[in-house]
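Reviewing the structure listed below.
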There are 2 protein chains.
Amino acid sequence: MRVNKTLFSPVRSKRTFEDVSLQVRDLIVRGVLKPGDRLPPEAELGEQFHVGRQTVREALRILELSGFISIQKGFGGGPFVKDSTVGKATDILWHAFKMAKTSLAEVVAARLLIEKAVLNDVFDRAGKEDIKKLQENVAKAKDLIAKGQKPFDESFEFHILLAKASKNNVFVVLVETINTIHRRLRSQKPPTFAMVKGFVKKHEQILEALIGKDRQRALRLLEEDTRQIRNSR
Amino acid sequence: MRVNKTLFSPVRSKRTFEDVSLQVRDLIVRGVLKPGDRLPPEAELGEQFHVGRQTVREALRILELSGFISIQKGFGGGPFVKDSTVGKATDILWHAFKMAKTSLAEVVAARLLIEKAVLNDVFDRAGKEDIKKLQENVAKAKDLIAKGQKPFDESFEFHILLAKASKNNVFVVLVETINTIHRRLRSQKPPTFAMVKGFVKKHEQILEALIGKDRQRALRLLEEDTRQIRNSR
DNA sequence: TCACATTTGTCCGTATGTATC
DNA sequence: AGATACATACGGACAAATGTG
């Protein structure tokens with residue numbers, strides 16, 4: 001009796017460009033190649049790996065989409081090692097949600113639950129530096145408002161800083177991802193000046209509650225903040 | 001004064017293969033092309049888009065890595081539209097966490113907080129069908145144990161079913177992502193038979209608490225279950 | 001401003017591997 | 001077992017972009 005090969009052999013698809021991309025990826029993940037490093041041009045990579053240029057290009061496409069490298073054309077150009085890979089994951093998840101016809105309400109509900117869990121952790125773990133960064137963020141946002149500008153990025157950054165104060169990198173990535181998706185979902189109608197002003201006001205109050213160690217008030221304020229964002233559609 | 005081009009022109013979509021992949025991706029996202037559909041072979045796609053085969057191939061690489069299509073070789077093969085795009089995002093996040101040197105403790109903490117939030121929602125939203133699916137899952141796991149096999153996938157699936165019972169697609173994706181990463185982090189030491197048996201026991205108790213509407217007990221059991229998994233390293 | 005070198009982007013022709021009928 | 005249809009891979013060629021002198 002012949003062994004069913006689907007049981008034992010789905011391990012290798014034997015595609016050369018995958019092999020090449022995996023080799024380069026490992027060099028980056030293991031830190032041999034560091035952010036900012038320039039890889040050899042396509043032709044030279046082909047010589048070193050003993051493969052054609054087309055194969056190299058397909059490997060580079062994979063690495064580029066995965067966020068490991070960026071590519072610049074022309075003199076002095078070529079593939080460069082990038083530092084962050086979160087953005088591309090956000091992009092893929094965004095399309096995954098879109099395909100699954102995920103509603104805005106679902107995203108808001110998920111965002112609220114996660115940020116509440118994060119905030120709860122922040123109360124136990126935040127240090128002086130974290131508080132300081134949050135204060136600077138709010139101060140900058142208020143400054144921009146005073147100048148008549150919308151502190152859109154600062155308003156977004158506040159939530160990232162909160163996640164960082166939880167001292168858990170997973171939360172930073174999750175909050176970044178979900179909030180980006182949330183922002184994209186309602187991007188057709190950007191918030192008005194009054195709305196952003198309301199966000200900053202809430203952020204200031206959350207920060208006060210955090211300093212005053214008033215956990216329940218902070219959680220309630222965060223909920224109001226998120227619902228405020230939801231209604232901005 | 002010359003306008004800084006980084007302010008206005010980061011829109012560059014000058015690359016043909018990006019254009020091609022975007023066009024095909026939109027057809028899939030908008031549902032014109034549905035899961036299981038077979039796309040024309042590379043040569044024909046090249047003719048329709050008026051581009052070369054290499055350009056088509058690079059576009060297909062992007063779509064493949066993004067999880068929108070899979071590619072089969074040989075007669076009757078070609079690019080096929082896939083249904084789920086979550087797996088690739090998980091892969092990218094996994095490497096992102098790895099590069100950021102995220103610890104197992106951080107992943108476990110994040111997983112626990114999210115699953116507790118999800119379980120809390122499940123108490124309000126789960127219907128009869130959800131309970132039934134969870135019961136079937138536990139029954140199958142117990143059955144495998146009785147046969148002396150490790151119900152590894154079932155033990156994983158239980159948490160996905162819980163997320164689905166929350167009726168929020170975002171949670172399904174998040175739980176799937178984090179749990180997969182958690183599993184990979186401890187994959188060097190797979191759980192023993194006794195451990196998996198312990199998981200299933202906890203799952204059964206959580207299900208009982210869910211049916212009995214004992215929210216606090218269910219949350220406590222979930223915490224025990226997750227900590228049990230952590231200790232299996 | 002004008003070449004000029006470097007490197008990616010693109011196309012074509014061709015050959016080989018692979019899965020199905 | 002052989003023909004077919006498809007992806008995979010190579011090499012050559014030229015265009016386009018980009019920085020240098």
Side-chain angles (χ1 to χ4, degrees), chain A residues 2-24 33 36-66 68-82, chain B residues 2-6 8-24 33 36-82:
Chain A
R2 228 166 59 101
V3 174
N4 184 346
K5 63 180 170 185
T6 59
L7 273 178
F8 288 120
S9 68
V11 249
R12 273 301 140 90
S13 50
K14 272 294 179 200
R15 298 201 286 186
T16 315
F17 63 83
E18 282 181 341
D19 197 6
V20 172
S21 79
L22 284 176
Q23 284 197 46
V24 177
L33 294 173
D37 283 358
R38 177 182 162 189
L39 275 65
E42 292 171 357
E44 198 175 323
L45 281 171
E47 286 174 17
Q48 293 193 23
F49 283 111
H50 294 99
V51 297
R53 214 184 129 211
Q54 165 156 2
T55 306
V56 172
R57 283 185 61 79
E58 293 187 36
L60 292 179
R61 286 290 84 70
I62 292 175
L63 292 168
E64 186 184 26
L65 187 69
S66 302
F68 289 107
I69 63 169
S70 64
I71 291 167
Q72 289 163 27
K73 288 201 296 190
F75 188 95
F80 289 84
V81 179
K82 277 181 68 177
Chain B
R2 229 165 59 102
V3 174
N4 184 345
K5 65 180 173 186
T6 59
F8 288 121
S9 65
V11 266
R12 59 100 217 243
S13 181
K14 278 185 169 268
R15 303 198 285 187
T16 316
F17 63 82
E18 283 180 341
D19 197 5
V20 171
S21 79
L22 285 176
Q23 283 196 47
V24 176
L33 295 173
D37 282 357
R38 177 182 161 190
L39 275 65
E42 291 173 357
E44 199 174 323
L45 281 171
E47 287 175 17
Q48 293 193 20
F49 283 111
H50 294 98
V51 297
R53 283 195 294 280
Q54 163 128 15
T55 305
V56 172
R57 282 184 64 76
E58 294 189 32
L60 291 179
R61 285 291 84 71
I62 291 175
L63 292 168
E64 186 184 24
L65 186 69
S66 301
F68 288 109
I69 62 168
S70 64
I71 291 168
Q72 289 166 32
K73 292 188 286 194
F75 185 96
F80 288 83
V81 179
K82 277 181 68 177

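Note on naming: letters A, B, ... go to the chains in the order of the sequence lines (proteins, then strands), and numbering restarts at 1 for each one.
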(Q) Expressed as a whole number of angstroms, how long is the span from A/R57:CZ to C/dT7:C1'? (A) 10 Å
(Q) Looking only at the side chain of A/R38 (C-beta and beyond, no hydrogens), which of the listed nucleotides C/dT10, C/dT20, C/dT7 gets closest? (A) C/dT7
Q. When you measure from the side chain of B/T16, which nucleotide among D/dA17, C/dT10, D/dA7 comes out closest?
A. C/dT10
Q: Write down the distance between CD (A/E47) and C1' (D/dC10), rounded to a whole number of angstrom.
A: 14 Å
Q: Grab the CD-P distance between B/E42 and C/dT10 for me, whole Å please.
A: 16 Å
Q: Test A/R61 against every option in B/E58, B/R57, B/E18, B/E64 by the side-chain contact (heavy atoms from CB on, under 4.5 Å) rule and name the one that passes.
A: B/E58
Q.
Let me spell it out: for each of A/Q54 and A/L60, pick the nucleotide of DNA chain C with the closest heavy atom. Which residue's pick is nearer the 5' end?
A. A/L60
Q) With nearest nucleotides of DNA chain C determined for A/G77 and B/V56 from heavy-atom distances, which residue corresponds to the more 5′ nucleotide? A) A/G77
Q. Between B/I69 (CD1) and D/dC6 (P), how many Å, whole number?
A. 15 Å
Q. Nearest-Å distance, CD (B/Q72) to P (C/dG17)?
A. 21 Å
Q.
Without decimals, in angstroms, what is the distance between B/F49 CZ and C/dC11 C1'?
A. 17 Å
**Q.** d(CZ, A/F75; P, D/dA17) in whole Å
**A.** 18 Å
**Q.** Position toward the 5' end of DNA chain D (nearest nucleotide), B/G74 or A/G74
**A.** B/G74
Q. Counting only distance, no hydrogens or angles, is the base of C/dT14 paired donor-acceptor with the side chain of B/R53 under 3.5 Å?
A. yes
